[in-house]
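Order of listing sets the numbers, starting from 1, for every ligand and every atom in it. Residue numbers start at 1 and run along the sequence shown.
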Amino acid sequence: MLVLKFGGTSVGRPERMRKIADLLFETSGKKVVVLSALSGTTNTLVRIGDHLLAKGTDAAEREIVTLEKHYEAFATDLFSSQAYRAIGQEIVGRYFSLFRLLAAGRFDERSYRELLAQGELISTELFYHHLQERKIASKLLPALHFMSIDENQEPELEKISERLRPLIQTLGNVDILVTQGYICRNHRNEIDNLRRGGSDYTASLIGAAIKAAEIQIWTDIDGMHNNDPRIVKKTFPIAELTFDEASELAYFGAKILHPSTIVPAQKMGVPVRLKNTMDEKAAGTLISNKGSRGQVKAIAAKDGITAVRVKSSRMLLAYGFLRKVFEVFEKYKTSIDMVSTSEVAVSVTIDDLQALSNIEEELRALGTIEVDKDQTIICIVGNMIAEKPDALKLVFDSLSSVPIRMVCFGGSHNNISILLDTRHKDKALNLLNEGLFTIPR
Ligand code: ADP
Ligand code: ASP
Ligand code: MG
């Protein structure tokens, strides 16, 4: 079986939805199709939810009206017959009644999460009926019947797999199963989600759960590029990446993949292919166990980082100091990305600031604390980059005009991480692009 995920821009216009149907029709074999919400929808639902939490009912209603018009026009264009246009309007009307019902009630965090889930529910329902209209046999598989997370927000892969197996066995001669990305149930059985961009993660979890032959992520670009194309002009797609490389790039900010996407696929050894819906012929990127070694493959950047430095002369020649520092972060369930040490100080980076003031207070018992906010981690990735003798030299030569706050190298064989002030990010990414890659003409 294949798992194919189509992102927001890939389903965001009626003609694109029709194109996905063509593509599925032309791809032989059984497949699970994971859809995102239409582009812009989740952002709008977030705004509506924020208004409602702040008791801004009028502002929420204005957003609802605009979104409703968008969906009415979308459904009219998507379907060709009168009968299916009526079905389309019924679907849209039903969802917008629910939005208004949620808005009229006591709106809390739980209603907020329910609201956010509607984007994927409506896109899959519209798409399923489009397939019906074209007489392409398919089934709608509700993600809320099998996708779950535990109390630590971690997906329950084994349970997901147990629930999916019988659902898939009843497929008979239907080749296409349509399901929602992003949404799930939490340990309280409430509607929840896998965080923004989570449809990639859904696809990978399903691929791992059913041990699919391949997980395909269809988006609006021809694969993973060597650098962030939103910031750097001359980037190019990478044909092959190892799971480790892709995992680091996703975790450290390559937006094309949700940060956790690669984890389940790698665990079950299912290759992930990144493809472009707007250019099907483009090769894209294959992520698997294979890949060339000793090369810089790509760069990614993760913003919103805070660096915390703990300085103490008691660290000198003392054992157990680092343990005490790390225990404070563990106590407040705050994960650390980068670490660098000197004889008398240790610097770490975090991206979750919820417990920062408590952490600072407890660390003060261990030494003086300095906190730098608005930092960016730039992650330079390549399988066995550590074996490339000039890798560090090239990185430092490229960044000679940029102030660097921290450097990590040697923690894994696959990356060099640099921490700098976010103000220098764009310049650093551009300089590294020129210094580390031979740009194809
Ligand atoms: P989708 O809606 O299909 O999930 P996303 O917007 O989440 O699509 O991801 C695709 C976008 O990721 C691209 O349009 C591109 O701007 C951005 N992006 C950031 N870094 C990279 C990278 N290294 N390679 C490719 N795309 C990247
Ligand atoms: N619709 C969700 C979002 O915009 C999930 C996704 O598109 O992957 O975050
Ligand atoms: Mg995405």
Side-chain angles (χ1 to χ4, degrees), residues 4-13 16-17 20 34-47 49 67 113 115-124 143 147 179-184 192-206 215-239 241 245-262 272-279 282-285 287 296-303 376 378-382 425-426 429 432-433 437:
L4 297 92
K5 175 259 173 178
F6 296 90
T9 38
S10 305
V11 292
R13 293 208 199 132
R16 295 211 176 125
M17 258 199 190
I20 295 174
V34 177
L35 299 190
S36 290
L38 313 194
S39 52
T41 297
T42 312
N43 286 343
T44 308
L45 295 175
V46 165
R47 285 199 303 276
L67 194 66
R113 288 194 299 266
L115 179 67
L116 293 189
Q118 304 309 315
E120 271 67 15
L121 288 165
I122 188 167
S123 70
T124 45
M147 190 58 74
T179 192
Q180 300 83 23
Y182 179 59
I183 65 175
C184 62
D192 210 321
N193 61 66
L194 301 173
R195 310 261 172 274
R196 295 305 306 274
S199 300
D200 303 327
Y201 201 16
T202 301
S204 177
L205 286 163
I206 295 176
I215 298 157
Q216 299 184 352
I217 308 283
W218 289 79
T219 181
D220 59 357
I221 189 164
D222 54 352
M224 177 75 80
H225 278 219
N226 70 309
N227 205 331
D228 193 326
R230 295 166 299 177
I231 296 167
V232 177
K233 273 206 188 89
K234 290 181 188 155
T235 64
F236 54 87
I238 310 158
L241 286 170
E245 290 168 336
S247 203
E248 303 243 21
L249 289 166
Y251 184 76
F252 286 107
K255 195 205 167 206
I256 185 169
L257 289 176
H258 175 286
S260 311
T261 309
I262 298 303
V272 179
R273 198 184 289 275
L274 311 182
K275 292 284 289 175
N276 190 353
T277 323
M278 324 297 156
D279 182 7
T285 300
I287 301 163
V296 176
K297 298 270 183 66
I299 306 174
K302 183 174 169 184
D303 296 333
T376 291
I378 293 189
C379 189
I380 298 138
V381 171
K425 174 178 95 169
D426 292 10
L429 287 179
L432 286 167
N433 212 53
F437 300 100

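- When non-hydrogen atoms are compared, ligand 2 lies under 4.0 Å from the side chain of Glu120 (C-beta onward) but not from its backbone.
- Ligand 1 has Asn227 within reach: a non-hydrogen atom of the residue lies less than 4.0 Å from it.
- Atoms of ligand 2 found under 4.0 Å from any heavy atom of Ser36 (numbered from 1 in listed order, with element): 6 (C), 7 (O), 8 (O).
- Asp228 and His225 share no side-chain donor-acceptor pair at under 3.5 Å.
- Ligand 1 has no atom lying under 4.0 Å from any heavy atom of His258.
- Between Lys255 and ligand 1, a contact under 3.5 Å exists for at least one N or O pair.
- By the 3.5 Å distance cut-off applied to N or O atoms, Asp200 is not counted among the residues near ligand 2.
- What sits closest to atom 11 (C) of ligand 1 on the protein, heavy atoms only, is Asp220 OD1, 3.9 Å.
- In terms of heavy atoms, His258 sits closest to Gly197 at CB-O, 3.3 Å.
- Of the protein's heavy atoms, His225 N, 2.8 Å lies nearest to atom 24 (N) of ligand 1.
- A donor-acceptor contact shorter than 3.5 Å is absent between the side chain of Asn193 and the backbone of Tyr182.
- Atom CE of residue Met147 and atom CD1 of residue Ile183 lie 9.5 Å apart, to the nearest 0.5 angstrom.
- Every atom of ligand 1 is numbered from 1 in the order shown, and the set under 4.0 Å from a heavy atom of Gly7 is 1 (P), 2 (O), 3 (O).
- Among the atoms of Arg195, none of the N or O lies under 3.5 angstrom from an N or O of ligand 2.
- The protein non-hydrogen atom at the shortest distance from atom 2 (O) of ligand 1 is Gly8 N, 3.2 Å.
- The distance from atom CZ of Phe252 to atom CD1 of Ile380, rounded to the nearest 0.5 Å, is 11.5 Å.
- Counting heavy atoms closer than 4.0 Å to ligand 1, residue Ile221 contributes side-chain atoms (C-beta onward) but none from N, CA, C or O.
- Checked by atom type, the side-chain pair Thr235/Asn226 shows no donor-acceptor distance below 3.5 Å.
- Between Gly119 and ligand 2 there is no heavy-atom distance shorter than 4.0 Å.
- Of all heavy-atom pairs between Lys425 and Asp303, the closest is NZ-OD2, 2.8 Å.
- The proximity of Lys5 to ligand 1, defined as any non-hydrogen pair under 4.0 Å, is limited to the side chain.
- For ligand 1, the polar-atom distance check against Ala254 finds no nitrogen or oxygen pair separated by under 3.5 Å.
- Not a single N or O atom of Ser10, backbone or side chain, sits closer than 3.5 Å to an N or O atom of ligand 1.
- Of the protein's non-hydrogen atoms, the one nearest atom 6 (C) of ligand 2 is Ser199 OG, 3.3 Å.
- The closest protein non-hydrogen atom to atom 16 (O) of ligand 1 is Arg230 CG, 3.3 Å.
- The protein atom (non-hydrogen) at minimum distance from atom 12 (O) of ligand 1 is Ile256 N, 3.5 Å.
- For ligand 2, the atoms closer than 4.0 angstrom to any heavy atom of Arg196 are 3 (C), 4 (O), 9 (O).
- Without hydrogens or angle criteria, Thr219 side chain to Asn276 main chain gives no donor-acceptor distance under 3.5 Å.
- The structure places OG1 of Thr285 at 11.0 Å from CD of Glu245, a figure rounded to the nearest 0.5 Å.
- Heavy-atom proximity to Thr42, at under 4.0 Å, picks out these atoms of ligand 2: 1 (N), 2 (C), 3 (C), 4 (O).
- Look at Ser39 and you'll find every heavy atom at least 4.0 Å from all atoms of ligand 1.
- Taking each heavy atom of Leu35 and Glu120 in turn, the nearest pair found is O-CG, 3.5 Å.
- For atom 1 (P) of ligand 1, the closest heavy atom belonging to the protein is Thr219 OG1, 3.6 Å.
- Other residues, nucleotides and ligands place more than 12 heavy atoms under 6.0 Å from the CZ atom of Arg16.
- Assignment of Pro229 to the shell around ligand 1 is supported, since a heavy atom sits closer than 4.0 Å.
- Among Ile299, Ile256, Leu241, Leu257, the single residue meeting the side chain to side chain contact (heavy atoms under 4.5 Å, CB included) criterion with Leu249 is Leu241.
- In terms of heavy-atom proximity, Val11 sits nearest to Ser36 at CG2-O, 3.7 Å.
- Among all non-hydrogen protein atoms, the one lying nearest atom 25 (C) of ligand 1 is Gly223 O, 3.4 Å.
- Closest heavy-atom contact between Ile217 and Ala203: CD1-CB, 4.2 Å.
- Of the possible donor and acceptor atoms, none in the side chain of Thr277 sits under 3.5 Å from a partner among the backbone N and O of Ser10.
- Between Lys5 and ligand 2, not a single N/O pair is under 3.5 Å apart.
- Summarising the geometry of Ala282 relative to Asp222, their closest heavy-atom pair is CB-CB, 3.8 Å, with the distance given to 0.1 Å.
- Heavy atoms of Gly198 come nearer than 4.0 angstrom to ligand 2 in at least one pair.
- Taking distance alone, with nitrogen or oxygen atoms compared against 3.5 Å, Gly8 stays at or beyond that limit from ligand 2.
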